Q: 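Below are the structure tokens for one structure; questions will follow.
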Amino acid sequence: MNDSQPENHPTIVQVAVPRPLRTTFSYTLPAGDAAPPIGCRVRAPFGASTIVGIVVGLETNVAGIKLKEISEVLDEEPVLGADLIDLARWSAEYYHHPIGDVLATMLPTLARRGEDAVVRAKPIWRVKRGDLNVLARAPRQQETYTLLSALGAVRDAELAVYGLERRHVRALAEKDLAYTTEEQPNLRRGHTNITTTLEQRVAIEQIVGALGKPETVLLDGVTGSGKTEVYLRAIEEVIDRGQQALVLVPEISLTPQTASRFLTRFGSAGTYHSAAADRDRFDTWLECAKGVQRILVGTRSAVFAPFKNLGIIIVDEEHDSSFKQAEGFRYSARDLAVKRGFDLSIPVVLGSATPAIETLTNVDRGRYRRARLTHRPGDAALPRFEIVDIRGLHLDRGLSEPVTSAIERHLESGSQVLVFINRRGYAPVLFCPQCRWQARCANCDSRMTVHQRPRQLRCHLCDAVGSIPVECPDCRNELINLGAGTQRIEEALGERFNVPLYRIDRDTTRSTARLEANLNAIREGEPLILIGTQMLAKGHHLPAVTLVVVIDADQGFLSADYRAPERTAQLITQVAGRAGRAERAGEVWVQTLDPENENLTALMADGYAGFAAREASHRRDARMPPFGFMALIRADALDPEGPRRFLAELRSSPATAGVAIAGPVPAPIPRRANRYRFQLMVTAEKRADLHRFLRSIEVIESPRNVRFSIDVDPLDTY
Ligand code: ADP
Ligand code: ZN
Ligand code: ZN
């Protein structure tokens with residue numbers, strides 16, 4: 001316990017309640033009870049109900065008004081240590097979000113519900129030596145055996161994380177080739193036959209040299225340059241010093257390889273992500289707090305996990321937008337990781353092949369240090385770019401002839417091809433060439449996407465579905481599909497090429513197991529075509545792919561959102577990075593209607609770094625983040641007048657010195673799921689001015705039917 005008891009016995013506790021309220025509430029303690037330390041949970045009456053809140057303060061003097069009494073103190077020791085309570089307070093102020101809701105977001109669901117903070121023993125699977133011949137006819141079980149024995153020990157709850165299926169593991173147990181135990185695996189010092197490159201050693205030294213210091217290091221390394229190996233070595237050192245490591249990743253369920261590399265190297269690693277069961281999340285969280293779990297690999301919310309002795313935080317793919325929560329408490333896990341590292345005086349490593357403009361700017365300003373990995377180990381060459389100008393070319397369902405010929409050439413030489421199109425479905429527009437009618441969503445300002453199997457229209461914004469009309473509802477003319485999505489590309493390529501096709505998008509790939517099975521087949525290296533959305537751009541190693549085709553990605557360069565060019569350049573670079581990861585150099589063909597686009601040509605000529613420098617100078621000229629500070633205030637309701645009027649009222653706040661306010665204007669998607677959306681964009685050259693304005697409006701209550709939110713450092717303006 002860090003909190004020293006005040007001299008007089010406190011009799012009043014301040015509690016943050018899990019409600020969107022900006023105040024904390026005072027309660028008295030049951031007579032004779034000692035005050036619980038700050039960070040403990042209490043059950044207390046609130047209105048007509050009972051809540052589980054967090055003690056955030058203690059007082060000795062009795063207030064004039066009569067207070068309600070705590071019903072129950074749930075913890076003897078704080079579930080949230082002083083560092084996390086401080087982080088919550090800071091976050092509530094920075095993001096202008098109610099402290100009670102911030103604390104509730106930090107806690108795992110079961111902790112929030114008041115469940116006992118006691119870890120339950122959990123079965124852990126291991127393989128047993130035995131006669132593997134019995135698996136001769138069970139290839140999936142054989143695969144499972146190999147994977148499980150490579151991983152060492154996998155908790156039952158985490159099988160899916162590593163792409164293992166419980167039924168196959170159980171089948172192994174029946175054959176006496178696997179067993180469960182409740183014993184925690186010992187942490188082992190990593191063993192590997194990888195010899196680090198000079199660049200890797202320099203990076204490792206820089207990070208290890210920062211241990212115990214509040215330093216942020218950008219690990220700026222091209223895709224496949226061995227960033228993960230650098231993390232592993234740095235963590236090894238942290239573990240040797242008896243400390244813990246937190247690794248934040250954008251996605252666990254889609255990239256099991258990332259988590260499995262930590263597990264195979266160290267023999268023990270916890271995972272924390274939204275797909276895990278509540279009980280497992282709470283257990284892992286508690287194990288980190290007790291120091292039992294030394295390595296935690298988790299998604300966004302893991303930035304709030306408690307640790308006994310944290311030594312390093314690593315944010316892999318730091319540019320990824322999933323680190324920012326898009327609703328409720330709109331925090332950036334990457335930015336809070338940096339803040340947390342600073343508070344704890346430990347290094348934070350931000351790794352990416354395509355660092356965010358704000359991160360690069362922080363390097364330029366001398367706030368972050370940088371380590372570079374400029375090439376791939378073993379001299380795997382970086383891909384070569386080719387721009388295909390499709391103006392005036394005939395397209396067969398989105399594909400031009402030069403691109404199709406290139407695909408043919410690569411398949412014939414025995415390699416794999418990846419076709420990237422960031423649009424799922426069959427066609428984005430169903431159109432009448434006679435009267436220009438388009439299929440639109442009844443609930444949103446958007447078009448319906450045509451889907452096949454099942455044949456239907458779907459709105460990607462609100463998930464509404466409808467049947468495909470046989471003729472134009474207005475003029476009875478025949479309708480045509482415009483543009484192409486993954487399904488249509490799949491159809492076109494399937495007719496032309498006689499190789500296996502794998503389509504990987506949100507419609508085909510709901511489960512990790514399915515994706516893993518596909519990826520395993522893909523890693524066999526047979527000629528085939530992969531068609532996918534950005535799901536494929538994330539972290540997968542596809543060593544046999546020698547050609548990446550990018551369709552329509554340049555559309556992002558034309559979007560009105562000021563961050564769209566950055567996101568697009570990152571996406572193209574990340575997809576391109578899947579090519580030529582092994583010995584064979586890759587080619588990236590970008591099919592575009594806008595070959596002279598300056599963003600695109602900068603990216604092709606000078607790579608992501610060249611693009612980023614250019615983009616940063618535009619932002620500087622426009623005083624856009626990170627050269628100015630921004631918040632977006634959004635309001636929506638079932639009618640347009642309410643949100644518009646409410647935002648106009650916010651705008652008339654007296655505290656507008658130093659801020660520029662644009663709006664109220666309709667959001668770029670003005671109506672979504674039947675709600676009319678408006679926004680105010682607030683920018684300031686000084687952060688203090690922005691926050692003064694936000695403080696002045698955060699307390700204003702919106703009319704009952706108008707929803708409103710404050711988004712500080714918004715990632716998109718939609
Ligand atoms: P990144 O995270 O930068 O994309 P990875 O860490 O995944 O790159 O490394 C890409 C591949 O290169 C992996 O298969 C990894 O095992 C391998 N690798 C990393 N460092 C080395 C090295 N020094 N020598 C040989 N192979 C390496
Ligand atoms: Zn028509
Ligand atoms: Zn819709």
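Since the model is a prediction, treat every value here as computed from it, not as a measurement. For ligands, and for the atoms within them, numbers begin at 1 and follow the listed sequence.
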Q: How long is the straight-line distance from CG of L211 back to CZ of R241, given to the nearest 0.5 Å?
A: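 With rounding to 0.5 Å, CZ (R241) is 4.5 Å from CG (L211).
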Q: Considering only NZ, NE, NH1 and NH2 on the basic side and carboxylate oxygens on the acidic side, decide whether E641 and R644 come within less than 4.0 Å.
A: yes
Q: Strictly below 4.0 Å, N to O, side chains only: are K227 and E317 in salt-bridge contact?
A: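 Salt bridge flag = no for E317 with K227.
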Q: Can you list the ligand 1 atoms lying under 4.0 Å from a non-hydrogen atom of T195?
A: 22 (C), 23 (N), 24 (N)
Q: Quick check for you: with the Zn ion (ligand 2) as the vertex, what angle do SG of C472 and SG of C432 span, to 10°?
A: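 Here the angle at the metal atom is close to 110°, to 10°.
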Q: Any N or O of T223 that comes nearer than 3.5 Å to an N or O of ligand 1?
A: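 No; the residue has no nitrogen or oxygen that sits under 3.5 Å from a nitrogen or oxygen of the ligand.
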Q: Can a salt bridge be assigned to the pair D561 and R567 using a cut-off of 4.0 Å between side-chain N and carboxylate O?
A: yes
Q: Do any nitrogen or oxygen atoms of G226 lie less than 3.5 angstrom from nitrogen or oxygen atoms of ligand 1?
A: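 N/O-N/O distance below 3.5 Å exists for this pair.
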Q: Please determine if E358 and R334 form a salt bridge, counting it only when a charged side-chain N lies under 4.0 Å from a carboxylate O.
A: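 So E358 pairs with R334 through a salt bridge.
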Q: Closer than 4.0 angstrom, basic N to acidic O: yes or no for E215 and R369?
A: yes
Q: For T197, take its heavy atoms, then give the atoms of ligand 1 lying under 4.0 Å from any of them.
A: 23 (N)
Q: How wide is the angle at the Zn ion (ligand 2) spanned by C435 SG and C475 SG, rounded to 10 degrees?
A: 120°
Q: Assess G221 for proximity to ligand 1: is some non-hydrogen atom of it under 4.0 Å away?
A: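 Per 4.0 Å heavy-atom rule, G221 does not contact ligand 1.
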Q: At less than 2.8 Å, how many protein N/O/S atoms surround the Zn ion (ligand 3)? Leave waters out.
A: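 With waters ignored, the protein N/O/S count below 2.8 Å is 4.
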Q: Do Q487 and R424 pass the side-chain hydrogen bond (donor to acceptor under 3.5 Å, both in side chains) test, and can you show the C-alpha distance, the side-chain angles, and the key distance before you say yes or no?
A: CA-CA 7 Å; Q487 296 177 353; R424 66 199 167 87; over 6 Å; no
Q: Run the salt-bridge test on R672 and D445 with the 4.0 Å N-O cut-off and return the result as yes or no.
A: no
Q: Any salt bridge between R677 and D636, counting N to O under 4.0 Å?
A: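 Not counted as a salt bridge, because no side-chain N and carboxylate O are separated by less than 4.0 Å.
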Q: Does ligand 1 have an atom under 4.0 Å from some heavy atom of R376?
A: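 Contact check R376 vs ligand 1: negative.
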Q: Relative to ligand 1, is T196 under 4.0 angstrom through side chain, backbone, both or neither, heavy atoms considered?
A: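 Backbone only.
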Q: For T299 and E251, run side-chain hydrogen bond (donor to acceptor under 3.5 Å, both in side chains): C-alpha distance rounded to whole Å, both residues' side-chain angles, the deciding distance at 0.1 Å, then the answer.
A: CA-CA 6 Å; T299 48; E251 195 101 54; over 6 Å; no
Q: Decide side-chain hydrogen bond (donor to acceptor under 3.5 Å, both in side chains) for R458 and Q456; before the verdict, give the C-alpha distance in whole Å, the side-chain angles of both, and the deciding distance to 0.1 Å.
A: CA-CA 6 Å; R458 261 190 242 164; Q456 55 184 199; 2.8 Å; yes
Q: If the cut-off is 4.0 Å to any non-hydrogen atom of R261, which atoms of ligand 1 fall inside it?
A: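 In order of number, 5 (P), 6 (O), 7 (O), 15 (C), 16 (O).
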